[in-house]
Amino acid sequence: MDIEAVVWFEAVARFNSFAAAARFLRQPSSNVSRRIAKLERELGYKLMQRSTRSLTLTEQGRQLLPMAEKLVEVKAQVEDWHQSQQDEPAGLLRVTAPGSFARGPLNDWLIAYRKSFPKVKTAVIHSNDYLDFHQHQLDVAFRQGPLASSNLIAKRLFSIQYGLFASPDWLATQTVIKTPDDILDMPLICLSVKGQTLPWYFQGQTLHPKAPEMLFDASEQCISAAIAGLGLVYLNRYEVNAAIEAGELVEVLPEHKAHPVDFYMVYTEREFLSKKTRSFLQFIEKKVKAFEMAEGLIL
C-alpha cells in the first residue's frame with residue numbers, strides 16, 4: 001500500500017479540497033488527484049465522492065480518516081526526531097507573528113539568527129490571527145494572550161500596554177471624554193483580523209466597536225489616520241511612542257487603561273524538538289533579555 005498516499009488523503013479530507021491540499025503538500029493538484037485515485041484502486045473502493053462543487057467522504061473514507069490522522073502525527077514525530085539528530089540546525093523554519101512585531105524587533109532578530117545559523121531558511125507569515133500549526137506547517141508562533149489551552153507550549157516574553165490615542169488638535173474640537181462610554185458615538189479607527197474589529201479593553205470594561213469610521217489590518221495605517229485627525233485609535237503603546245514623542249498623538253483616558261497583555265512565543269509540544277526550532281527558541285530568549293524595553297513593553 002502507498003502509505004504516503006494515505007497522508008495525502010488526510011490532507012485532502014482536512015482541507016476538503018484537492019487544490020488546498022496540493023498547496024499544503026507543495027504538489028501539483030494533478031499529482032494529488034492521481035495519487036489518491038491510485039490508492040483507491042489499491043484498496044478496491046472509493047474514499048471520497050467528488051464533484052465540481054463538493055467533496056464528501058464515503059463510509060470507507062470516514063473509517064480510514066482517524067487512522068490517517070494518526071499516521072500524519074507519527075510522520076511528524078519521526079521528522080522531528082530526525083531533525084533533532086542533525087549535527088547543526090538546518091531546514092525551513094516557518095514562523096508567524098503579528099505584523100507590527102514581525103516588521104519590528106522580529107525582523108532584526110531573524111536576520112541575526114540567519115547569520116548565526118546559515119543552514120536554516122526562514123519564512124514569516126504576518127498575521128494577527130491564531131493560525132493552526134499543522135495547517136500552516138508552523139514551527140514557532142508569536143501570540144498575545146490569553147491563549148486557549150492546547151498541546152502548544154507558550155513561553156512569556158514580555159507584556160504589552162495598550163491604550164487609547166488621538167491627535168491633540170482633533171481632541172480640542174471634541175467634547176470632554178471622561179469614560180470609555182463617551183467614545184461610542186465618536187469616529188473610531190480600528191485594527192482588524194479577517195475584516196472583524198478587535199475588542200478595546202479598559203479597566204473592568206470591554207468595548208466592541210461595531211461600525212468604525214476606518215478599519216485597517218496594519219497598525220501603521222491606524223496611526224497615520226489618527227495623526228491626520230480622523231478619530232480615536234486603540235493600539236499598544238510601543239507602536240505609538242514615536243508619534244507621542246513628536247506631539248502628534250496623546251493618550252486618552254490613561255486612568256482607565258487595562259492591565260498589560262502578555263506576549264508569548266509558542267511552539268508544539270514534542271518529545272523530540274528539531275534543532276532548528278530549539279536553536280531559534282533559545283536565540284529569541286537571549287534577544288529578549290538583551291532588548292531595551294521601550295515605553296509600553298514590560299519584562
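Position 1 is the first residue of the sequence; numbering continues from there. Just the heavy atoms: all of them, side chains too, but no hydrogens, waters or symmetry mates, feed the values below.
A donor-acceptor contact shorter than 3.5 Å links the side chain of Ser192 to the backbone of Phe216. Side chain of Arg94 to backbone of Ile125: no donor-acceptor contact under 3.5 angstrom is found. Put simply, the side chain of Lys276 gets close to the backbone of Leu92: a donor and an acceptor are under 3.5 Å apart. Ser33 places no side-chain N or O within donor-acceptor distance of the main-chain N or O of Ser29, the cut-off being under 3.5 Å. No donor-acceptor pair under 3.5 Å is formed between the side chain of Glu10 and the backbone N or O of Glu69. Side-chain atoms of Gln161 come within 3.5 Å of backbone N or O of Ala258 as a donor-acceptor pair. At distances below 3.5 Å, at least one donor-acceptor pair connects side-chain atoms of Arg114 with backbone N or O atoms of Val120. Under a 3.5 Å cut-off, the side chain of Glu42 and the backbone N or O of Asp2 do form a donor-acceptor pair. Arg62 contributes a side-chain N or O that, together with a main-chain N or O of Leu57, makes up a donor-acceptor pair within less than 3.5 Å.
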Candidate pair Trp170 and Leu230, rule side chain to side chain contact (heavy atoms under 4.5 Å, CB included), full reasoning: CA-CA 8 Å; Trp170 178 83; Leu230 297 177; over 6 Å; no

Is there a side chain to side chain contact (heavy atoms under 4.5 Å, CB included) between Leu39 and Trp8 once you walk through the steps? CA-CA 10 Å; Leu39 176 64; Trp8 289 19; over 6 Å; no

Given Leu253 and Asp182, is the side chain to side chain contact (heavy atoms under 4.5 Å, CB included) satisfied, shown in steps? CA-CA 10 Å; Leu253 299 177; Asp182 294 336; over 6 Å; no

Would Ile177 and Leu232 count as a side chain to side chain contact (heavy atoms under 4.5 Å, CB included) if you check the C-alpha gap in whole Å, the side-chain angles of each, and the deciding distance to 0.1 Å? CA-CA 11 Å; Ile177 302 173; Leu232 292 155; 4.2 Å; yes

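Partner of Pro180 under the side-chain contact (heavy atoms from CB on, under 4.5 Å) criterion, chosen from Leu164, Val252, Leu207: Leu207. Of the residues listed (Tyr234, Phe202, Phe263), the one engaging Tyr162 in a ring pair (Phe, Tyr, Trp, His ring centres under 6.0 Å) is Tyr234, and it is the only one. When the options His82, Gln77, Lys75 are evaluated for a side-chain hydrogen bond (donor to acceptor under 3.5 Å, both in side chains) with Glu79, the one that passes is Lys75.
Side-chain contact check for Lys275 versus Lys119: every heavy-atom pair is 4.5 Å or farther apart. Side-chain atoms of Arg50 and Val12, non-hydrogen and from C-beta on, never get closer than 4.5 Å to each other. Within the 4.5 Å cutoff, side-chain heavy atoms of Phe158 are placed close to those of Val288. Residues Val95 and Thr122 form no side-chain contact, since every pair of their non-hydrogen atoms from C-beta on lies 4.5 Å or further apart. When side chains are defined from C-beta on, Phe280 does not count as touching Asp139, because their heavy atoms never get closer than 4.5 Å. Residues Pro105 and Trp109 meet the side-chain proximity criterion, which asks for heavy atoms closer than 4.5 Å. Two residues are said to be in side-chain contact when any heavy atoms from C-beta on lie closer than 4.5 Å; Leu71 and Met67 fail this criterion. Under the 4.5 Å side-chain criterion, counting only non-hydrogen atoms from C-beta, Ile284 is not in contact with Val140.
Salt-bridge annotation for Glu4 and Arg35: present, with a side-chain N of the basic residue lying under 4.0 Å from a carboxylate O of the acidic one. Between Lys289 and Glu285 there is no salt bridge, since no side-chain nitrogen of the basic residue lies less than 4.0 Å from a carboxylate oxygen of the acidic one.
Going from atom CG of Leu249 over to atom CG of Asp169 covers 10.5 Å, rounded to the nearest 0.5 Å. One finds the OG1 atom of Thr58 at 8.5 Å from the OH atom of Tyr45 (value rounded to the nearest 0.5 Å). Between atom CG of residue Asp129 and atom CD of residue Gln196 there is a gap of 11.0 Å, rounded to the nearest 0.5 Å. Rounding to the nearest 0.5 Å gives a distance of 11.0 Å between CE of Met214 and SG of Cys190. In this structure, the separation between CE on Met186 and OG1 on Thr175 is 3.5 Å, given to the nearest 0.5 Å. Within the model, atoms CZ of Arg143 and CG of Asn128 stand 12.0 Å from one another, a figure rounded to the nearest 0.5 Å.
Nearest approach of Thr179 to His256, heavy atoms of both residues: CA-NE2, 4.3 Å. In plain terms, the two heavy atoms of Gly229 and Ser167 that are nearest each other are CA-CB, 4.1 Å. Closest of all the heavy-atom pairs between Ala22 and Pro28 is CB-C, 4.1 Å. Pairing each heavy atom of Leu235 with each of Leu191, the nearest pair is CD2-CD2, 4.2 Å. Nearest approach of Val32 to Phe18, heavy atoms of both residues: CG1-CD2, 3.8 Å. Leu93 approaches Tyr113 most closely through the heavy-atom pair CD2-CE2, 4.3 Å.
Connection of Met265 to Phe117 is established within a shared hydrophobic cluster, with ILVMFWY side chains joined at heavy-atom distances below 4.5 Å, either directly or through further cluster members. Note: the hydrophobic cluster containing Leu188 also contains Val250 (ILVMFWY, side chain heavy atoms under 4.5 Å, direct or indirect links). By the rule that hydrophobic residues join a cluster once side-chain heavy atoms approach within less than 4.5 Å of another member, Ile153 and Leu157 end up as members of one cluster. Tracing side-chain contacts under 4.5 Å through hydrophobic residues (I, L, V, M, F, W, Y), one reaches Leu55 starting from Leu25; they form part of the same cluster. Leu106 and Ile111 are not part of a single hydrophobic cluster, where members link through side-chain heavy atoms under 4.5 Å apart.
Within a 6.0 Å sphere centred on NE2 of His136, other residues, nucleotides and ligands contribute more than 12 heavy atoms.
Residues passing the ring pair (Phe, Tyr, Trp, His ring centres under 6.0 Å) test with Tyr264: none are found, sequence neighbours excluded. Looking at residues two or more places apart in sequence or on another chain, you find a side-chain contact (heavy atoms from CB on, under 4.5 Å) between Ser159 and Arg156, Pro260, Asp262, Ile298. Annotation: ring pair (Phe, Tyr, Trp, His ring centres under 6.0 Å) contacts of Tyr130 (sequence neighbours excluded): none. Every residue two or more places apart in sequence or in another chain that forms a ring pair (Phe, Tyr, Trp, His ring centres under 6.0 Å) with Phe24 is listed here: Phe15, His134. Qualifying ring pair (Phe, Tyr, Trp, His ring centres under 6.0 Å) partners for Phe142, counting only residues two or more places apart in sequence or in other chains: Phe101.
Applying the side chain to side chain donor-acceptor pair (under 3.5 Å) test to every pair with at least one member in residues 199-223, sequence neighbours left out, gives these pairs: Arg103-Glu220, Asp181-Gln205, Ser219-Glu239.
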